[in-house]
Amino acid sequence: MDKIQSDCPYPGCFFCVMKEANPSKRRASVLKFFRELPSQDDDGQVLPISGLWNTAMAHPNDPEFINLGIFECMAALIWKGLKNRRWLAHDQNIYIPYYAAHIIGSYTMNMEEFAERAVRAGVIPPLVELLRGRLTWVEQRVAVRALGHLATYPSTFPAVADHGEVLELAIQLASSSLEIVYSHFYQFVDRRLGYHCDLLTRGMGGVEMESRKAEEWASQLQCWSLQLINCFAFKPEFLHDICKADFLIKLPGMWGGLVNENSPAGVGLLRTICQSKVGRGHVANIPGTIDALCNIARSSDDWQYMAVDCLIWLVQDASTCHKVIDKVAPTLIDLANISTLGDYKKLGDTIVTVLQEFMQQSENSRNTINAQTKAEIDELLRSKQSLKLEKSMPKEDLHIKQAAALVVKLEGNSLFSSGNIAGAAEKYSEALALCPMKSKKERVVLYSNRAQCYLLLQQPLAAISDATRALCLHSPVNRHAKSLWRRAQAYDMLRLAKESLLDAILFINECSQSNNPDLSLKQNKVPDYAERLVKKQMRAAWLFREAALKHGGVHCEGDASDAFGQEGDDSEWETASESDAEKDARGEADDETEWKNDGHREDFCEKS
């Protein structure tokens, strides 16, 4: 040990201390190190702090450093950086407040006991100062992460809430985080702070990697802000401050992007808000938020079930149901045949029960129901009654109904092929009326075919409705490739880029796994039409697009090539060379009729 210390240029070096073989001496040395570090001005302090950061990330549940005063040390270092700018600018000390806040967040993310120790150590006030933006957005990111962890636990939430500005700061940050990161880092490469670049890439990448990581960190900054707000949303006394109309209308659009798909983001917060009667009252008064929830509930988003929960609770609440039913009922009806969604079993049955109870309550209510809404719910309830009756129906009768539906469907296919799209849609409707409710595979095809007709008839809402019904009936749910593609196109017609993008990506995934020769990817190439749509929607749904439009990074809103403020890197979708694509086109000359509407491929109706 003496030899190691004599070779080290830093007296009391933390790394030398950690090599001490005697546990008692080691603890005493670490304790001394934590106590003395904030008062020292030696060079090289960032090295042990970055080492502690690695340890906290790797072993967040280890109590050793907690018991020896790491929280007190980190709080003191943050204060030092805030109050002593000369020290902060010296050597590499600029990194220290970031690492200190990150260490606090890592050690408090799993253990309530550690969070309690952190609060007693006084970490909240300096974290709040970072949250205010006293340094930069990079420190705000780790501060909101740490405060979100502290607010998660019942015993430490009051200490966070006692700082009344925390909630308002988190709301402001959730709303402005993407613009902040875009304007302060992403937009101007030559103005990027060196330590930001180092933290983003760990010194392992250039400008392109910095930009990609900036998107990821911006998404995390927004999502962690929403997570902190979510802790407050469970408390009714804070809902009035959260449920401002201008914030609620933005929430569904805070989706985390493809770079942060593990966070429920805005829809997760809306779900928490809708668990409260007060919250539901606020949400029901924002039509745009209801529309967005309906879109998410119909989409292939991982958090689809959260939007469905919100819609169900709004309909079940007597004080909100009549405000939202005309918008919500069509969506719930489309989802009424869904069996399982995530951990939810028999979700479709739950939806039917909710709508049935609403109709029963409405009969005794003074509130009137829109005639079309009533008719659609009545039709759903009749279809469920038909399904019950089919269980006692002789097999021969069911076969007759199936055969009749098949004949009418084939008539629809013939009309479609001859160009009579409206006539084909009518035939598919007739076939659906004849087809037994239990014949799910046949009904999937009929709904999907009719969705294709509605697309060609320029009726995207009807196409989305039928494609969603097909996807709900399909097993597994949301995995019928042609319906995904048709709904992706319908969402594109409505300029709903996120929803279109998610469906298009799932469509490609399904094609890659399909045994159907019409769908399987040839030579592992993404179909040109799908590749084009994904590129278009990735640009339109780009995390920084709104900020770029505001700050001049996008020169023409309709020009997809400028959507990133620069030429986008399409390399991950360049799966086939131009010559290969031309060969494929020549080899499929007989299918030229499949191409319509701005180069989007319109698949033939299914024959099966």
* Of all residues at least two apart in sequence or in a different chain, which pass the ring pair (Phe, Tyr, Trp, His ring centres under 6.0 Å) check with Tyr344? -> Tyr305
* **Residues which pass ring pair (Phe, Tyr, Trp, His ring centres under 6.0 Å) with Phe358, listed by chain and number, not counting sequence neighbours** => His322
Taking everything shown except [X] itself, do over 12 heavy atoms lie less than 6.0 Å from its [atom1]?
X: Gln275; atom1: CD; value: yes
X: Gln372; atom1: CD; value: no
X: Asp343; atom1: CG; value: no
X: Lys346; atom1: NZ; value: no

Under 3.5 Å donor-acceptor pairs involving side-chain atoms of residues 436-443, not counting sequence neighbours:
| residue | atom | partner | partner atom | Å |
| --- | --- | --- | --- | --- |
| Ser439 | OG | Gln402 | NE2 | 2.8 |
| Arg443 | NH1 | Leu432 | O | 2.9 |
| Arg443 | NH1 | Cys435 | O | 2.9 |

* Hey, is Glu379 close enough to Arg382 for a salt bridge, meaning N to O under 4.0 Å? -> no
* To do: Indicate yes or no: does Arg212 engage Glu215 in a salt bridge with an N to O separation below 4.0 Å.
  => no
* Asked: Does Thr320 use its side chain to pair, donor to acceptor, with the backbone of Leu314 at less than 3.5 Å?
  -> yes
* **Ser414 side chain vs Leu410 backbone, donor-acceptor pair below 3.5 Å** => no
* Separation between CG of Leu387 and CE of Met393, rounded to the nearest 0.5 Å -> 10.5 Å
With [X] via side chain to side chain donor-acceptor pair (under 3.5 Å) - residues at least two apart:
X: Lys550; result: Glu179
X: Ser362; result: none
X: Asp503; result: Ser300, Arg487

* For residues Trp542 and Tyr186, establish whether the separation of their ring centroids is below 6.0 Å. => yes
* Structure fact -> Correct closest heavy-atom pair for Ala488 and Leu533 would be CB-CD2, 4.0 Å
